[in-house]
Chemist: 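Okay, handing you the structure first.
All values below were derived from every heavy atom in this structure, side-chain atoms included, with hydrogens, water molecules and symmetry-related copies excluded.
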Amino acid sequence: QVQLVESGGGLVQPGGSLRLSCVVSGRIFSQYNMRWYRQAPRKERDLIASINILNSTSYSDSVKGQFTISRDNRKNAVYLQMNSLKPEDTAVYYCQGRWRDYEWWGQGTQVTVSS
């Protein structure tokens with residue numbers, strides 16, 4: 001069973017930065033397409049960033065130019081660098097791994113942007 005464990009969330013002031021990490025168990029991480037989602041209170045879970053096995057990335061309009069997704073296949077990890085954070089970025093952030101017809105989710109990490 002593939003497991004994903006996120007970390008790096010917390011409380012940050014507006015304008016600050018955080019780097020989320022997601023470490024993935026499994027022997028073929030390099031073949032997984034990886035995504036970050038977020039879910040704000042009383043809202044749906046939204047896809048915000050993705051990176052494929054060729055390191056091609058894409059972003060939602062809401063985070064483009066503000067967040068950066070990256071991966072390190074040696075460490076079985078995917079990252080989300082979040083800069084210039086705003087209160088509206090407050091949400092639970094989830095990573096997802098996808099391979100063929102399979103997908104796996106992490107447990108989520110809370111990010112709160114507040115002064």
Side-chain angles (χ1 to χ4, degrees):
Q1 180 69 17
V2 175
Q3 293 184 322
L4 286 71
V5 179
E6 299 106 332
S7 61
L11 174 64
V12 62
Q13 292 187 342
S17 297
L18 282 176
R19 186 193 193 211
L20 304 184
S21 300
C22 174
V23 177
V24 183
S25 68
R27 294 174 293 176
I28 56 170
F29 173 76
S30 62
Q31 298 180 35
Y32 299 163
N33 294 310
M34 300 299 299
R35 294 178 171 183
W36 284 99
Y37 289 76
R38 68 183 179 186
Q39 187 167 20
R42 298 174 297 281
K43 293 190 175 181
E44 294 185 352
R45 190 175 298 189
D46 293 327
L47 173 63
I48 57 171
S50 62
I51 186 166
N52 67 13
I53 61 174
L54 301 178
N55 273 332
S56 178
T57 61
S58 63
Y59 300 91
S60 67
D61 288 343
S62 62
V63 305
K64 194 174 297 182
Q66 182 190 1
F67 292 2
T68 303
I69 188 172
S70 61
R71 67 190 297 160
D72 186 340
N73 290 339
R74 298 167 301 173
K75 296 183 179 180
N76 276 24
V78 62
Y79 306 101
L80 188 69
Q81 177 66 43
M82 307 187 295
N83 298 327
S84 303
L85 285 162
K86 301 168 282 190
E88 50 264 44
D89 295 316
T90 295
V92 178
Y93 285 71
Y94 297 89
C95 68
Q96 182 201 55
R98 300 162 66 92
W99 180 70
R100 295 187 178 178
D101 293 333
Y102 299 94
E103 64 179 43
W104 306 274
W105 290 89
Q107 82 287 352
T109 185
Q110 176 71 47
V111 172
T112 302
V113 185
S114 175
S115 55

Chemist: Does Val5 offer a backbone N or O that forms a donor-acceptor pair with the side chain of Gln107 under 3.5 Å?
Modeler: no
Chemist: Do Thr68 and Tyr59 come within less than 4.5 Å of each other through their side chains, counting heavy atoms only?
Modeler: yes
Chemist: Could you grab the distance from atom CG of Asn76 to atom OG of Ser25, nearest 0.5 Å is fine?
Modeler: 8.0 Å
Chemist: Using every non-hydrogen atom in the two residues, find where Leu47 and Ser60 come nearest and quote the distance to one decimal.
Modeler: O-CB, 3.6 Å
Chemist: Could you tell me whether the side chain of Met82 reaches within less than 4.5 Å of the side chain of Val63, counting heavy atoms only?
Modeler: no
Chemist: Considering residues, nucleotides and ligands other than Glu44, do more than 12 of their heavy atoms fall under 6.0 Å from its CD?
Modeler: no
Chemist: Closest heavy-atom contact between Met34 and Cys22?
Modeler: CE-SG, 4.5 Å
Chemist: Could you check whether Asn33 and Arg35, counting side-chain N and O atoms only, form a donor-acceptor pair closer than 3.5 Å?
Modeler: no
Chemist: Aromatic contact between Phe67 and Trp36, with the criterion being ring centroids under 6.0 Å apart: yes or no?
Modeler: no
Chemist: So which heavy atom on Lys64 is nearest to which on Asp61, and how close?
Modeler: NZ-OD1, 3.4 Å
Chemist: Compare every heavy atom of Ser84 with every heavy atom of Ser17, then report the nearest pair and how far apart it is.
Modeler: OG-N, 4.2 Å
Chemist: Could you check whether the rings of Tyr32 and Phe29 sit parallel, tilted or perpendicular, using 30° and 60° as the cut-offs?
Modeler: perpendicular
Chemist: For Gly8 versus Leu18, what's the shortest heavy-atom pair and its separation?
Modeler: O-CD2, 3.7 Å
